[in-house]
Amino acid sequence: MPARIVISADGKKAYESWHQVFAAVAPDLDVCSWYDPAWEVGGDDYALVWTPEPEHMERLAGMKGIICTGAGVDHLLAHEHFPRTVPLVRMGGEQTARLMADYVLWAVITLLRDARTWALQQQQGIWRNNVCCRTSSTTRVGVMGLGHLGAYVAQVLAQVGFCVSGWKRTPAELDGITVWSGTDTLPDFLAGLDVLVNLLPATPATDGLINHTLLSQLPRGAGFINVGRGRHVVQSDLLRALDDGTLCGAVLDVVTPEPLPPEDPLWHHPRLTITPHVASEAAREVQARYVADVVRCLERGEKPALLCDTARGY
Ligand code: NDP
């Protein structure tokens with residue numbers, strides 16, 4: 001039997017569009033809808049998921065592999081009945097990484113040039129010159145999490161001319177990047193930054209890591225960008241850090257909860273730019289090509305690059 005991809009990602013209505021892109025990019029693979037009443041779990045089924053319903057967990061346990069349309073899989077692992085023994089592969093690929101790098105580049109320059117002030121002035125028709133003479137070559141950017149996305153982002157920032165360092169759990173070498181590893185090195189990493197970028201995965205070890213104590217270890221008036229998960233940040237501490245001058249500004253693509261309720265004070269802080277979790281989502285056609293490659297890799301008995309270590313949580 002050829003491998004079959006059973007699609008629940010993005011809900012029942014999205015299936016037709018997934019079906020079309022798989023037919024175009026991987027005609028050798030069978031695809032079917034998770035919601036097709038005629039579908040029964042077979043031995044060669046791979047599930048493509050984003051946020052499966054709790055009642056999907058039992059059938060997910062019968063899959064040969066599970067591929068998530070997101071790079072972060074914390075929401076899956078948080079489910080007590082998620083089948084942790086089935087291979088789980090995260091979204092990746094060149095376009096996902098490039099989109100993230102483009103977003104972070106925009107966010108760093110937004111902070112560097114204080115673009116938030118321009119936006120607020122424009123709303124009120126104010127023409128006030130806030131020229132800023134900081135340049136990329138004298139701006140130190142640090143990336144927390146140097147994995148598939150973080151390493152790529154760090155290298156793009158370095159190519160642009162920023163002074164880039166990164167922080168991760170285990171030691172590594174990365175061309176043109178100063179790499180810090182382990183909890184003990186966090187204060188030294190933070191002390192040398194003008195802008196901190198969070199690209200960690202959400203795990204028990206990283207939840208709530210970004211609090212006032214951590215932000216206070218940055219040089220006073222640094223900028224902060226969160227493209228990891230909202231759970232990483234203690235949001236009341238972030239607001240305090242913006243109010244007391246610990247931070248000059250922040251750009252958040254991820255918050256808690258999502259969507260952010262209209263009454264949340266984050267919306268209205270003059271030093272905060274908020275985007276609705278849009279930093280990096282590759283085109284469906286590109287995702288389908290990636291998923292097909294992952295399925296072929298698993299079918300050959302090989303290990304895909306972004307196979308999640310469920311015990312580690314990322
Ligand atoms: P990876 O799993 O490839 O990389 C994770 C990195 O974080 C690794 O370098 C790892 O270190 C490091 N890390 C993990 N735990 C710790 C810790 N306790 N202390 C220090 N470093 C740690 O993830 P990706 O790069 O693919 O994605 C990162 C996150 O980005 C996702 O989990 C998701 O939350 C977020 N994301 C957000 C998107 C958006 O649109 N806003 C889109 C896509 C992803 P080591 O290498 O040493 O293990």
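Atoms within a ligand are numbered from 1 in the order they appear, just like the ligands themselves.
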Which residue supplies the protein heavy atom nearest to [atom], what is that atom called, and how far is it?
| atom | value |
| --- | --- |
| atom 4 (O) of ligand 1 | G147 CA, 3.1 Å |
| atom 25 (O) of ligand 1 | L149 N, 2.8 Å |
| atom 22 (C) of ligand 1 | L200 CD2, 3.5 Å |
| atom 47 (O) of ligand 1 | T170 OG1, 2.5 Å |
| atom 37 (C) of ligand 1 | V227 O, 3.0 Å |
| atom 40 (O) of ligand 1 | S280 N, 3.2 Å |
| atom 14 (C) of ligand 1 | Y314 CZ, 3.3 Å |

Best match, R229, M100, R169: closest heavy atom to atom 11 (O) of ligand 1
R169
Atom 5 (C) of ligand 1: of P201, G145, A172, the nearest heavy atom sits on P201
Is the Y15 to W18 ring centre distance short of 6.0 Å?
no
Check the side chains of R90 and T69 for a donor-acceptor pair under 3.5 angstrom, ignoring hydrogens and angles.
no
Report yes or no: do T206 and Y314 form a side-chain donor-acceptor pair below 3.5 Å?
no
Inspect the surroundings of CD in E263 and state if more than 12 heavy atoms from other residues, nucleotides or ligands are less than 6.0 Å away.
yes
Can you check whether [X] has an N/O within less than 3.5 Å of an N/O in ligand 1?
| X | value |
| --- | --- |
| A205 | no |
| L306 | no |
| K168 | yes |
| L146 | yes |

Can you measure from CG (L266) to OG1 (T273) and round to the nearest 0.5 angstrom?
12.0 Å
What is the ring orientation for W34 with H56, classed by angle as parallel under 30°, tilted 30 to 60°, or perpendicular over 60°?
tilted
Which of the numbered atoms in ligand 1 are below 4.0 angstrom from a heavy atom of [X]?
| X | answer |
| --- | --- |
| W167 | 19 (N), 20 (C) |
| L199 | 28 (C), 29 (C), 30 (O) |
| G72 | 31 (C), 32 (O), 33 (C) |
| G150 | 25 (O) |
| H277 | 39 (C), 40 (O), 41 (N) |

Carboxylate-amine/guanidinium contact [X] [Y], below 4.0 Å:
| X | Y | answer |
| --- | --- | --- |
| R296 | D293 | yes |
| R4 | D44 | no |
| D102 | R98 | yes |
| D10 | R284 | yes |

Logged contact type for D253 with ligand 1, heavy-atom cut-off 4.0 Å, is side chain
Quick one: does ligand 1 sit under 4.0 Å from the side chain of R90, the backbone, both or neither, non-hydrogen atoms only?
side chain
Residue from V156, V141, D194, V195 passing side-chain contact (heavy atoms from CB on, under 4.5 Å) with F162:
V141
Which is it for Y46 and L29 under the side chain to side chain contact (heavy atoms under 4.5 Å, CB included) test, yes or no, and what are the steps along the way?
CA-CA 11 Å; Y46 292 85; L29 294 175; over 6 Å; no
